[in-house]
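Here the structure comes first, spelled out in structure tokens, and everything after it is commentary.
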Amino acid sequence: MRQVYMDNGSASPVDSRVLEAMMPYFGKDIGNPSSLHSNGRKAKRELEAARSEVASLIGAQSSKSIIFTSCATESNNLALRGAAMRYKDKGNHIITTSVEHMSVMNPLKDLQRSGFEVTHIPVDKDGLVNAEQIKNAITEKTILISVMYANGEVGTVQPIREIGEIASDSKILFHVDGTAAVGKVPVNAEDEHIDLLTISSNDMYGPKGVGALYIRQGVRIMPSMLGGGQESGMRSGSENIPGIVGMGKASEIAQAELLPEGARLIRMRDRLIDNILKMKYTYLTGSRTKRLPNNASFRFSFIEGESIILQLNEMGITASTGSACSSKTLEPSHVLIAMGLRHEEAHGSLVLTLGRGNNEEDVDYVLECVPKVVARLRALSPLYPGE
Ligand code: PMP
């Protein structure tokens with residue numbers, strides 16, 4: 001049976017070129033970048049080379065603005081708590097959206113418990129936030145705006161540059177969770193007026209266990225991990241050199257291949273969307289135009305996303321119902337609810353996230369299987385009115 005992996009938004013394979021670049025740093029090239037001997041100095045050179053690659057991918061003027069962390073969740077926590085704690089004497093108001101990932105939602109909830117006020121800006125039916133609404137929510141107490149670049153679940157890409165201009169004009173820090181977007185669409189932190197940008201390694205075919213935070217030169221936030229003062233004192237702890245080397249290589253490849261790979265993914269994505277939408281009672285989730293190249297996500301009336309996933313799994317297809325992080329609960333996705341869907345509508349979701357490993361034959365196979373599965377499940381549904 002054909003095996004098709006279309007859940008790259010939940011976990012991506014490590015690119016073989018990345019793995020090859022990492023391998024020496026588990027063995028012969030062992031060394032702590034803080035050590036003075038030649039092994040230590042080599043590790044330091046590799047650390048700085050990786051930092052430059054990540055900086056270049058996101059248009060950072062100085063590699064000094066990149067801080068390596070352990071994952072996107074840590075970068076989001078560092079950015080939000082670090083900014084809130086640094087500027088708490090200036091104000092206690094934070095603006096965000098209702099479709100952020102839990103690694104933004106939950107630290108903000110925690111900050112609310114310690115006296116911060118958080119405004120959640122709603123999104124429209126496509127999951128898009130309106131920059132004007134953000135502007136109107138700003139008060140003299142606002143110290144931080146946090147908006148994700150793109151939503152990995154529904155694929156919608158936010159008007160980041162517009163929001164960045166508003167934040168910059170108002171002299172308010174702007175954090176962007178770039179996890180689902182960096183390496184997939186062109187991101188330029190400097191031009192888009194981003195002060196803090198979360199970057200994930202695994203979401204661009206790098207290893208897990210490493211991430212980064214861009215901190216614009218001149219922006220000061222409080223560190224949360226204190227210790228030996230690594231990463232300019234912003235994130236102590238001996239650096240994960242194999243992981244960081246891998247993230248550097250992944251960034252280099254992502255930058256070199258961004259445009260051709262993006263175009264290839266868009267062709268496959270659009271074929272999935274155009275054909276799956278030919279089915280009755282089937283809807284696209286997220287924006288049709290402001291959309292990640294790798295995301296094709298849908299909602300099918302009268303059936304449950306979990307049943308679709310399990311039946312597709314039987315046919316060799318790996319897909320998702322939404323955020324891997326919240327699929328453990330039976331709660332519908334907060335993103336779909338924020339987009340105005342009723343609970344029963346939000347339950348029938350299917351998210352296909354394409355990746356480097358997919359080809360047109362995979363798309364053919366998915367287009368053959370999805371209608372069969374949907375028809376089979378609908379035939380069993382008491383709610384289904386028939387064709
Ligand atoms: N932000 C977004 C937008 C995500 O989709 C995810 C999950 N991939 C995260 C943050 C958290 O990433 P991680 O679990 O790798 O820390």
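Position 1 is the first residue of the sequence, and the numbers go up from there. Atoms within a ligand are numbered from 1 in the order they appear, just like the ligands themselves. What you see below is based on every heavy atom in this structure, not just the backbone, and it leaves out hydrogens, waters and symmetry mates.
- Listed by chain and residue number, F302 satisfy the ring-ring contact (aromatic ring centres under 6.0 Å, His included) test with Y281 (two or more places apart in sequence, or in another chain).
- Salt bridge status for R216 with E190: present, with a side-chain N to carboxylate O gap under 4.0 Å.
- Salt-bridge formation is detected for the pair R271/D364: a Lys NZ or Arg NE/NH1/NH2 atom is positioned less than 4.0 Å from an Asp or Glu carboxylate oxygen.
- Under the 4.0 Å criterion applied to side-chain N and carboxylate O atoms, R51 and E46 are not assigned as salt-bridge partners.
- Any N or O atom pair closer than 3.5 Å counts here, and S200 shares no such pair with ligand 1.
- Note on R220 versus D195: no salt bridge recorded, every NZ/NE/NH1/NH2 to OD/OE distance being 4.0 Å or above.
- Residue-ligand proximity, C71 to ligand 1, at heavy-atom distances under 4.0 Å covers atoms 16 (O).
- Each of the following atoms of ligand 1 lies closer than 4.0 Å to a heavy atom of A72: 11 (C), 12 (O), 16 (O).
- When hydrophobic residues (I, L, V, M, F, W, Y) are linked wherever their side-chain heavy atoms come within less than 4.5 Å, the members clustered with V14 are V18, L19, M22, M23, F26, I253.
- In summary, the atoms of ligand 1 found under 4.0 Å from a heavy atom of M148, numbered by their order in the structure, are 3 (C).
- For the pair S103 and ligand 1, a heavy-atom separation below 4.0 Å is found.
- Of the charged side-chain nitrogens involved, at least one lies within less than 4.0 Å of a carboxylate oxygen, so that R81 and D110 count as a salt-bridged pair.
- For N202, the closest heavy-atom approach to ligand 1 does not fall below 4.0 Å.
- The closest heavy-atom contact to atom 8 (N) of ligand 1, among the options N151, T198, D203, comes from D203.
- Counting heavy atoms under 4.0 Å from ligand 1, residue T73 touches it through both backbone and side chain.
- Taking all heavy atoms of D177, V99, V104 into account, the minimum distance to atom 3 (C) of ligand 1 is reached by D177.
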